Amino acid sequence: MFNCAALQATHEVCEEEAMSAVFMFDGDDDDAPLGCQESNTVDGDKSKLKRPHVAEVDHLMSDDADSDDGKPIGLRKKAASERGGSASYEDSEDNKTLAARFLRVTRGGTSSVSIPSSKDKPVLPNNSNAIKRPCDSNNQPTSQSALKKAKCSDGTSSASASAKREPRAKDNGNDNIPLAQTRQTTGESSKRKDPLAKNIEKKSPSSSRDNIKGKAKKNSQLSKTTEACQGRKKWSTLVHNGVLSPPPYKPHGVQMLYNGQPVTLTPEQEEVATMFAVMKDTEYASKETFTNNFFNDWRNILGTKHVVKKFQHCDFTPIYEWHLQEKEKKKQMTTEEKKALREERVKQDDKFMWAFVDGVKEKVGNFRVEPPGLFRGRGEHPKMGRLKRRIRPSDITINIGEGAPVPVCPIHGESWKEVKHDNTVTWLAFWNDPINQKECKYVFLAASSSLKGQSDKEKYEKARKLKDHIHNIRVNYTKDFRSKDQAKKQIAVATYLIDKLALRAGNEKDDDEADTVGCCTLKVENVTCLPPNRLQFDFLGKDSIRYLNTVEVKLPVYQAIKEFCAGKHKGEAVFGKLDTNKLNAHLKDLMPGLTAKVFRTYNASITLDTILNKETEDATLLEKITVYQRANKEVAIICNHQRAVSKSHDSQITKLNEKIDELKALRDGLEVDLEKAKKGKPLGYDEDGKRKRNLTPEVLVNKISSVESRIQKMEIDMKTKEELKTVALGTSKINYLDPRITVAWCKTHEVPIEKIFSKTILAKFGWAMDVDPDFRF
DNA sequence: TGAGAAACTTAGCACCAGGATT
DNA sequence: AATCCTGGTGCTAAGTTTCTCA
């Protein structure tokens, strides 16, 4: 594990300016996401999120859609030659050298982290099938792996990539078409027309199985080939051991009090009481919805005749205290005891942690069945506190390869709800969410699996493709701002907001969910028109995270929003004629496969690419990492990725301030000493009354400089800490930033990749590691 | 065409191991 | 050795998109 503490961002900030500046943004100069344009305070219940300083984003702001179009945001001022094969920013060394250098840096040295490779993946020794990953360049393509390989190939220009593409060219001769597009033409569009495809079209998890078993099975090879060509078939063989159920409840026998009297509870009743008792010190425990929901569900288990009737008379403290004791006991365990426990857990997990997909050993993501508990919804969720009952094998549907051994049901005498063999889906098991019966919980492969990697790559390829269409899309919606067709006009304005503010699509929500909105579901009270052309957005988005942002928009957009809201009452939708289906249907007309969320990926990745390539200089490693973190921060702000301020934040800042003060006092003292030393005078006495050792002016100058740099580092650390206290950097890194941008940048600038990506993220992005250093998003 | 189901991605937070500091 | 602090990871809630059916 590497130490990231030392990598704390040390970028410059101009906090006051950042807080007060109003970013001018007129209609002709607007190709940056507005998320980073306005001084912005996003301070939900938890935090204040500062918008970046002008200087940090002005390169994004300065692009001119009309004069310099067709290029992606932030890149428009760059010479065309900077893009494509002979990028002018590239390192002077040739690609091979860079690649070799990268390998040296990442695999060698003192780091214990190496780039994950398919070859490092553990395999079943007795498995005679091809064990290497389909995408592994060393793999001799079998008919099947060649097919998969074709799906994995991307449009990168590296030598290794082109070498990899060879089999694909043989396969379909479709080499120049971006992956997403390839999928589009061979997949979605054809599957609807192909009569054979209809046979394997799934109706529901169960009907799909029947289809495959019935028709597709009979049509065997031909049908399978068709499926594969269509990209519907996700695997050929799938072997796994099912899911790991939580251990049964162990009663503790500690009695809670009712009206001050100990109460006897059955294990089942005690289990639920304990779930509530251990949450005593959380915010949930003081929320009425939570306690009401808990009590209602608990009462059902207690039965009407039970002595416990009213929540107010319940005292769960004895159980809570028992819980604290247990926690303490666990804490007091010796290192060896903890280690033994851990090893036991690992041993138990091992059976369920792996699946074999087409003969390749892949990690399973969430193989543990969710244990029972009280539902912890986010925000003001109407169901918070409800009992999430225990999931039994009879609730669980298993998906496994035909002919593969069916996982043994963990409870004797019980059986799985169903066993299916659906190779058009990637889930290994699912059950219905006990809180919301119509929702399902799926067990998928881990993010490091090639199946997930493949779809990840397709996602970024689609976002890259948007780069080629974005100009037309912007021209298109700008034209429709003044459309007389209200539906058209609403689509145009909504698309503009999604593009510029990186808003989410905003599906309709039920009454039994937290009241949050996205673009299509914005309500009139979420938008305030501030003349002449500013809009203030204030709403709770996904996870009830507050989005608060004031932006200057194109005048027609401002007028349109004003018009949409006119005469409407609180609670009514701004975009009354719009929903995500209509919006996405329209987007698909503009670019195949385009949906609202692609804009978020596009804007995030293009922002990272632009900042990294514009701002990275020939600097120290630490400084280069700082550039990366600053870019990462920009993206997190654009996407409104927030986190709660840690409980200890204030005390940490106070401590840092105290330390800085101490160091400053030390420095001042040394400066006095220096003056004395220069004059040849004795240095006098220290605080303890001891005579100070005489030092030469040179030594003192060195000491002062050392203290000074420590002060500077601490001040920067503190600023960074303060700045990032509400910004979550991880979410964008994991979900929105094309890892190839990062890998290419690391190669070009000799930054070890593990300084940016943790071990887990490295494993997730294994598919991106061999990217050419010249790669640009 | 719209509703609802199914499948998958995106999200923040709790917890914990392990390094740094006292 | 005890405590603090941090980043990494697992967990699971909450989204989006796609598919199916009436």
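We use all heavy atoms of the structure for the numbers below, so side chains are in, but hydrogens, waters and symmetry mates are not. Residue numbering restarts at 1 for every chain, and letters A, B, ... go by the order of the sequence lines. As the structure is a computational prediction, the values presented were derived from the model and not from experiment.
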Just how large is the angle between the end axes of the helix from B:dT1-C:dA22 to B:dT22-C:dA1, five pairs per end, to 10 degrees?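 Taking five pairs per end, the axes differ by 10°.
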Any donor-acceptor pair under 3.5 Å joining the side chain of A:K542 to the base of B:dT10? yes
Does a side-chain N or O of [X] approach OP1 or OP2 of [N] to a distance below 4.0 Å, or not?
X	N	answer
A:Q642	B:dA11	no
A:Y442	B:dC8	no
A:K659	B:dT22	yes
A:R600	B:dA11	yes
A:T731	B:dT10	no
A:K327	B:dC15	no
A:K459	B:dT10	yes
A:T760	C:dT9	yes
A:T580	C:dT17	no
A:K721	C:dC5	no
A:K655	B:dT21	no
A:K330	B:dC16	yes

Identify, between A:T516 and A:S646, the residue whose nearest nucleotide on DNA chain C lies closer to the 5' end.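 That would be A:S646.
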Nearest-nucleotide comparison on DNA chain C, the residue closer to the 5′ end among A:I734 and A:N366: A:I734
In residues 374-385 of chain A, what residues come within less than 4.0 Å of DNA chain C, judged by heavy atoms?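 Those residues whose heavy atoms fall under 4.0 Å from DNA chain C, taken from residues 374-385 of chain A in numerical order, are A:F375, A:R376, A:G377, A:R378, A:H381.
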Of the nucleotides C:dT12, B:dA5, B:dA7, which one has an atom closest to the side chain of A:K388?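 For the A:K388 side chain, the nearest candidate turns out to be C:dT12.
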Given B:dA11, B:dA6, C:dT17, which nucleotide is nearest the side-chain atoms of A:N584?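 So the nucleotide nearest the side chain must be C:dT17.
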Please work out which of the three classes, parallel, tilted or perpendicular, describes the rings of A:F276 and A:F294, given edges at 30° and 60°. parallel
Consider only side-chain N and O atoms of A:R376 and A:Y284, and report whether a donor and an acceptor are under 3.5 Å apart.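 There is no such pair between these side chains.
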Between A:R643 (side chain only) and A:V727 (backbone N and O only), is there a donor and an acceptor less than 3.5 Å apart? yes
Both A:N735 and A:R342 contact DNA chain B. Which one's nearest nucleotide lies toward the 5' end?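 With A:N735 and A:R342 compared, the 5'-side residue is A:N735.
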A:Q437, CD: over 12 other non-hydrogen atoms inside 6.0 angstrom: yes
Strictly below 4.0 Å, N to O, side chains only: are A:R630 and A:E723 in salt-bridge contact?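 So A:R630 does not pair with A:E723 through a salt bridge.
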Geometric cation-pi criterion, A:K383 with A:F375: 6.0 Å, 45°: no
